[in-house]
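I have placed the structure first, in the form of structure tokens, so that the comments after it can refer back to it.
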Amino acid sequence: MTAEQSLALITRMIDQAKGNVTRNAFYFLLWGWIVLIANLGMFVLIKLSYPYPFAIWLITIPAWAYTMYASFKRQKETSALTHLDSISGWLWITFGVCIITLIAFGYRINFQINPVILLFCSIPTFMSGVILRFTPLKFGGVMFWIFAIVSFIVGHEYQFLSGAAAIAFGYLVPGYLLKRKESQ
């Protein structure tokens with residue numbers, strides 16, 4: 001293989017990965033809206049002195065189930081997965097395992113997990129932007145990092161407003177931009 005052929009192959013792989021990810025923009029939108037609603041709901045329920053404000057997070061269970069179903073279905077339907085698709089998929093799976101572990105053992109740190117979750121969100125979001133060469137996802141990763149710092153500084157109840165802002169800038173803005181790119 002010549003240098004030009006190698007470069008053409010790499011370019012095709014990156015374009016294929018970009019196409020596969022732009023077709024999956026709905027994951028960013030699904031999780032963006034679910035987590036935005038949960039963060040805002042948690043803030044409101046805390047302000048209303050509801051005894052179980054964390055119950056709002058139960059809305060994520062159907063989203064997890066749907067995400068797993070949709071990703072397995074799409075993987076079977078996609079004719080060619082590139083190496084970058086595989087890396088991206090495993091990056092998000094690793095993220096999910098970390099989040100589930102953090103939630104399961106959150107009681108060990110008095111469930112002060114929102115800033116840590118935002119910090120974790122910055123990694124796969126930013127790296128997806130690097131893999132895809134899609135600046136809005138890189139920007140989204142940086143916004144998660146910034147709002148994680150804000151969450152460490154503000155009081156517990158305001159961490160959920162910070163989380164909502166992080167989700168808006170980190171998932172929803174890039175998700176809608178990916179969706180627009182998909183339709184072009």
Side-chain angles (χ1 to χ4, degrees), residues 13-14 16-42 52-109 111 113-132 134 136-138 140-141 143-145 147-148 160 163-164 166-183:
M13 286 179 61
I14 290 170
Q16 175 68 36
K18 283 181 181 178
N20 289 347
V21 171
T22 57
R23 286 189 295 277
N24 292 327
F26 80 92
Y27 290 118
F28 286 105
L29 298 176
L30 169 70
W31 281 100
W33 284 110
I34 292 289
V35 176
L36 179 83
I37 290 166
N39 270 293
L40 293 175
M42 182 88 169
Y52 307 105
F54 53 84
I56 189 76
W57 290 96
L58 292 174
I59 66 173
T60 63
I61 294 171
W64 277 104
Y66 181 75
T67 297
M68 293 170 75
Y69 166 77
S71 64
F72 286 122
K73 184 178 174 187
R74 282 183 180 227
Q75 189 174 19
K76 286 182 180 181
E77 292 173 355
T78 303
S79 60
L81 289 176
T82 68
H83 186 62
L84 292 175
D85 290 328
S86 180
I87 290 169
S88 182
W90 282 108
L91 177 65
W92 285 99
I93 289 169
T94 303
F95 165 73
V97 169
C98 288
I99 296 302
I100 290 169
T101 303
L102 186 57
I103 291 168
F105 293 99
Y107 69 94
R108 306 281 266 167
I109 55 174
F111 287 103
I113 60 176
N114 221 32
V116 180
I117 287 175
L118 295 177
L119 212 50
F120 275 129
C121 287
S122 70
I123 299 166
T125 305
F126 185 85
M127 290 309 299
S128 292
V130 169
I131 290 168
L132 299 171
F134 190 63
L137 278 173
K138 292 181 206 175
M143 295 308 291
F144 273 116
W145 176 68
F147 283 109
F160 300 102
I167 289 296
F169 290 111
Y171 283 175
L172 291 176
V173 169
Y176 281 111
L177 292 171
L178 278 172
K179 188 174 181 172
R180 188 173 78 188
K181 190 174 187 176
E182 175 185 345
S183 64

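Position 1 is the first residue of the sequence; numbering continues from there.
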Open item on the list: Less than 3.5 Å apart, any donor N or O on the side chain of W92 or S128 sitting next to an acceptor on the other?
Closed with: yes
Task: Qualifying residue for ring-ring contact (aromatic ring centres under 6.0 Å, His included) with F144, from Y171, F126, F120, F169 - done: Y171
Task: For the student: nearest non-hydrogen atoms of G175 and A25, plus distance - done: O-CB, 3.7 Å
Open item on the list: If you define the side chain from C-beta out and look only at heavy atoms, does anything of L178 sit under 4.5 Å from L29?
Closed with: no
Task: side-chain hydrogen bond (donor to acceptor under 3.5 Å, both in side chains) contacts touching residues 26-37 (sequence neighbours left out) - done: W31-T67, W33-Y176
Task: Closest non-hydrogen atom pair between I167 and G32, with its separation - done: CG2-O, 3.0 Å
TODO: Quick one: pull up CZ in R108 and CD1 in I113 and give me the separation to the nearest 0.5 Å.
DONE: 14.5 Å
Open item on the list: To the nearest 0.5 Å, what is the distance between CE on M143 and OG on S122?
Closed with: 12.0 Å
Task: W64 atom CH2: more than 12 heavy-atom contacts under 6.0 Å - done: yes
- [ ] May I ask you to check whether over 12 heavy atoms, not counting those of Y107, lie within 6.0 Å of atom OH?
- [x] yes
Task: For F134 against P174, the heavy-atom pair lying closest together - done: CE2-O, 4.0 Å
- [ ] Go through the steps to decide whether L137 and F28 satisfy the test side-chain contact (heavy atoms from CB on, under 4.5 Å), and finish with yes or no.
- [x] CA-CA 10 Å; L137 278 173; F28 286 105; 3.6 Å; yes
Task: Atom pair CD1/CZ of I100 and F105 - distance to nearest 0.5 Å - done: 12.0 Å
TODO: Please round to the nearest 0.5 Å and tell me the distance separating atom CD1 of I117 and atom CD1 of I99.
DONE: 5.0 Å
Task: Distance, nearest 0.5 Å, that separates NZ of K138 from OG1 of T125 - done: 13.5 Å
TODO: Check whether any side-chain heavy atom of Y66 sits under 4.5 Å from a side-chain heavy atom of L30, and report yes or no.
DONE: yes
Name every donor-acceptor pair, under 3.5 Å, that has one atom in a side chain of residues 54-62 and the other anywhere in the protein, sequence neighbours excluded.
from	atom 1	to	atom 2	distance (Å)
T60	OG1	W57	O	2.7

TODO: Taking all non-hydrogen atoms of both residues into account, name the closest pair between A63 and I34 and its distance.
DONE: CB-CG1, 4.1 Å
TODO: List the atom of P115, the atom of A148, and the distance in Å for their closest heavy-atom pair.
DONE: O-CB, 3.6 Å
Open item on the list: Rounded to the nearest 0.5 Å, what separates atom CG in N114 from atom SG in C121?
Closed with: 9.0 Å
